[in-house]
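Just the heavy atoms: all of them, side chains too, but no hydrogens, waters or symmetry mates, feed the values below. From a predicted model like this one, the values you see are computed outputs, not experimental measurements. Numbering starts at 1 and runs along the sequence shown.
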Amino acid sequence: MSLRVFPVVLACALLILPPEGGSHKFPESNPWLPPSGGRSAASPLFVESAAATGLDFTHVNGATGQYYMAEQMGAGVALFDYDNDGDLDVFLVQGGPFDAGARRTTGPTCKLFRNDLTDGPNGKRTLHFTDVTERAGLALRTYGMGAAVGDYNNDGYLDLLVTSFGAITLYRNNGNGTFTDVTSAAGLSDPLWSTSAAFVDYDRDGHLDLFVANYLDFSPASNKVCHDAVGARDYCSPRAYRPVPARLFHNDGNGRFTDVTEPSGIARAFGAGLGVATGDYDGDGWPDVYVANDATPNQLWINHHDGTFVDEGLLSGAAVNAAGNPEGSMGIASGDFNRDGSEDLFVTNIIGETFALYVNDGHGNFEDARTKAGLAAPTAAFTGFGTDWFDFDNDGWLDLFVANGAVNIIDAQRGQPAPFRMKNLLFRNVGGRFQDASAEGGPAFARAEIGRGAAFGDIDNDGDVDVVVTNNGGPVRLLLNQAPRSNHWLALKLEQPEKNRFASGAWVGVERTGEPTLWRRVRTDGSYLSASDVRLHFGLGDSPTVTAVVVQWPDGTRERWTSIKSDTVVTLKRGTGNAGAGG
């Protein structure tokens, strides 16, 4: 958010997955489509359905007129199947009164909503969420920022990390619908202002390690007075405060973590970290980490296979803009948008900068192609946060969603209670270029709010990807996908025995005759302060035929499956495919 203000300095259907690599066929009917079963030309691509489904949550930023930096940044959301019943539950991070991050005994809490999707007669489904926060043990009262999801103890249940202004909190999933705070027992401690985080098995030992991005060296006592261009009090630029290093914690495999920030090399480059994404950006089979830093150069931490990392952000071309300047980077989308088999990066920035598209050559060298791809001009008037690639129309090309919300007063809204509202954006990928499809998105994209976190997954298990969006100081939004169902799709869940049970970091390709292989990375990180579904979703276009699915497991070995049916969710268990197959 580098262009903010200069001061006086400037400042979270019931689907039963089949055993042993089987598949589940979904009914053809979609209860959220018009009665005709189709979508008319005037029907929106997405319908906002939070209140209608019981997803009742409003973020509290605790703003008191002091313009504390942390008030503008939260909060995130996690989409994960915490009870392993086959549908996605929602965890929402809460703020509250701003009291330097100290734990509170009263006031609003983070919330966990269980997805009680049910099948009715004639294939009609009912989507409903139940607040299970108290019984689950997740009524955390802290000044929360974000959430990360991963099975750190390899028991087959996804665990939860919450970042905040003040401390991180690790919740172990007990497998019985409850969670236990194991932060101290796990040896985790990070008193800095933590934002996005990622579980990643960086040393490929089968135990998920933890990368935590930290933002600024800020406290209420160090709060600076900043003003906008007309002299009114406003939030400061991040340049008014000192950036701090991220933290890397090694999973020792016994329920505990060791802080390896210094020996790993992560402490060698400071940055105002906001977004984190993992991927194999140089194509060597080892997981790397990309960090979106606010008004400081973005970092590309390349894994050197020996427990150390080197920041090659500047050398790679993914750290700054074409003029050599760092931008106000917040959210990250990481994926193969152009179908060339390498992971590209999309980074949201502040108003006036435009959003960056870094195209990977397959070896970790990036070209800033925001203008060439048609993403520069449509994003110039926005400040973006939560984002990701997702194929909303199942045509085989990864599209883009961006949650937007200002961090400085918008002139046209001056004098209003929250003068930071912006509309969200939807871009359709048309052969590697992007068209603004926000108007087709419907009323959900016409409403201006203060968008922050965004998480992605098939919440109603109908074969397309939905979005949960958080708003700073506002209500959560559930955008249910209503795109036409003329295209085919495939969803994959991976399983490994004993270690890294959800195969985090695996690289998965769907082979099709006469078409490029579609590649996806198993991960829950990316976006902004948020965690998305660990299942992989592939749009297949108008052909249902899948030649094969190839999985490169996190340790580098490969397996290949044939006879995979489309329009299903398939569970691929390690050891049941053709070992050693190429792809």
Side-chain angles (χ1 to χ4, degrees), residues 12 70 74-78 80 82 89 91-96 99-112 132-155 157-202 207-215 219 244-262 264 266-267 273 276 504 524-525 529-531:
C12 314
V77 54
F80 71 124
Y82 81 91
D89 311 295
F91 178 80
L92 290 152
V93 182
Q94 184 57 280
D99 52 7
R103 294 291 178 90
R104 297 175 280 106
T105 58
T106 60
T109 71
C110 297
K111 291 284 187 179
L112 177 66
V132 295
T133 308
E134 294 290 341
R135 74 184 78 170
L138 290 176
L140 176 64
R141 289 183 172 93
T142 187
Y143 202 81
M145 286 286 132
V149 168
D151 182 10
Y152 83 92
N153 59 351
N154 286 326
D155 65 352
Y157 287 89
L158 291 167
D159 308 297
L160 178 69
L161 180 92
V162 182
T163 63
S164 68
F165 182 84
I168 57 176
T169 306
L170 177 63
Y171 285 102
R172 183 188 65 219
N173 189 334
N174 299 319
N176 60 0
T178 68
F179 292 78
T180 299
D181 182 345
V182 294
T183 313
S184 178
L188 288 175
S189 176
D190 184 3
L192 299 175
W193 178 359
S194 54
T195 53
S196 293
F199 285 98
V200 53
D201 183 12
Y202 73 85
H207 303 289
L208 295 185
D209 312 297
L210 179 62
F211 186 99
V212 181
N214 292 311
Y215 191 37
S219 69
V244 293
R247 302 286 286 275
L248 181 63
F249 299 92
H250 177 262
N251 188 337
D252 299 329
N254 56 1
R256 291 186 59 83
F257 292 82
T258 298
D259 189 338
V260 294
T261 307
E262 290 286 346
S264 67
I266 297 298
V276 173
S504 177
T524 61
D525 52 67
L529 304 181
S530 300

Considering only heavy atoms from C-beta outward, does the side chain of L92 approach that of Q94 to under 4.5 Å? no

If I take atom OG1 from residue T133 and atom CG from residue L138, how far apart are they, to the nearest 0.5 angstrom? 7.0 Å

Side-chain heavy atoms of D201 within contact of D209, under 4.5 Å: yes

Which heavy atom of S164 sits nearest a heavy atom of T142, and at what distance? OG-OG1, 3.6 Å

Would F257 and Y152 count as a close aromatic pair, with their ring centres under 6.0 Å? yes

Yes or no on side chain to side chain donor-acceptor pair (under 3.5 Å) for H207 and D252, after CA distance, side-chain angles and deciding distance? CA-CA 8 Å; H207 303 289; D252 299 329; over 6 Å; no

From D151 CG over to F199 CZ, what is the distance, rounded to the nearest 0.5 angstrom? 9.5 Å

Nearest heavy-atom neighbours spanning D259 and R247: OD2-NH2, 2.5 Å

CG on D89 to CG on L160, rounded to 0.5 Å: 11.5 Å

Student check: side-chain heavy atoms of L140 and Y171 closer than 4.5 Å: yes

For a quick test of reading the model, state the closest non-hydrogen atom pair linking Y202 to V260 and the distance between them. OH-CG2, 3.6 Å

Could you pull out the closest heavy-atom pair between A198 and A148, with the gap in Å? N-CB, 4.4 Å

Show the numbers, then the answer: is there a side chain to side chain contact (heavy atoms under 4.5 Å, CB included) between V200 and L208? CA-CA 5 Å; V200 53; L208 295 185; over 6 Å; no

Side chains of T195 and N214, heavy atoms from C-beta outward: is any pair under 4.5 Å? no

Under a 3.5 Å distance rule, please check whether T163 uses its side chain to pair with a backbone N or O of G146 as donor and acceptor. yes

Could you pull out all residues at least two apart from D525 that satisfy salt bridge (charged side-chain N to carboxylate O under 4.0 Å, His left out)? R523

In Å, rounded to the nearest 0.5 Å, how long is the span from CG of L161 to CG of L188? 7.0 Å

With side chains defined as the heavy atoms from C-beta onward, is the minimum distance between V93 and L529 less than 4.5 Å? no

Here the pair of heavy atoms bringing V149 nearest to T524 is O-OG1, 2.9 Å

Gap separating the CG atom of N176 from the CG atom of N173, nearest 0.5 angstrom: 8.0 Å

Are any non-hydrogen side-chain atoms of V132 and Y82 less than 4.5 angstrom apart? yes

Between atom OG1 of T183 and atom CG of D181, what is the distance when rounded to the nearest 0.5 Å? 3.5 Å

Side chains of R104 and Y143: does their closest heavy-atom pair fall under 4.5 Å? no

Pair F249-L170, side chain to side chain contact (heavy atoms under 4.5 Å, CB included): steps then yes or no: CA-CA 12 Å; F249 299 92; L170 177 63; over 6 Å; no

Can you name the closest pair of heavy atoms from S194 and A167 and give their distance? OG-O, 4.2 Å

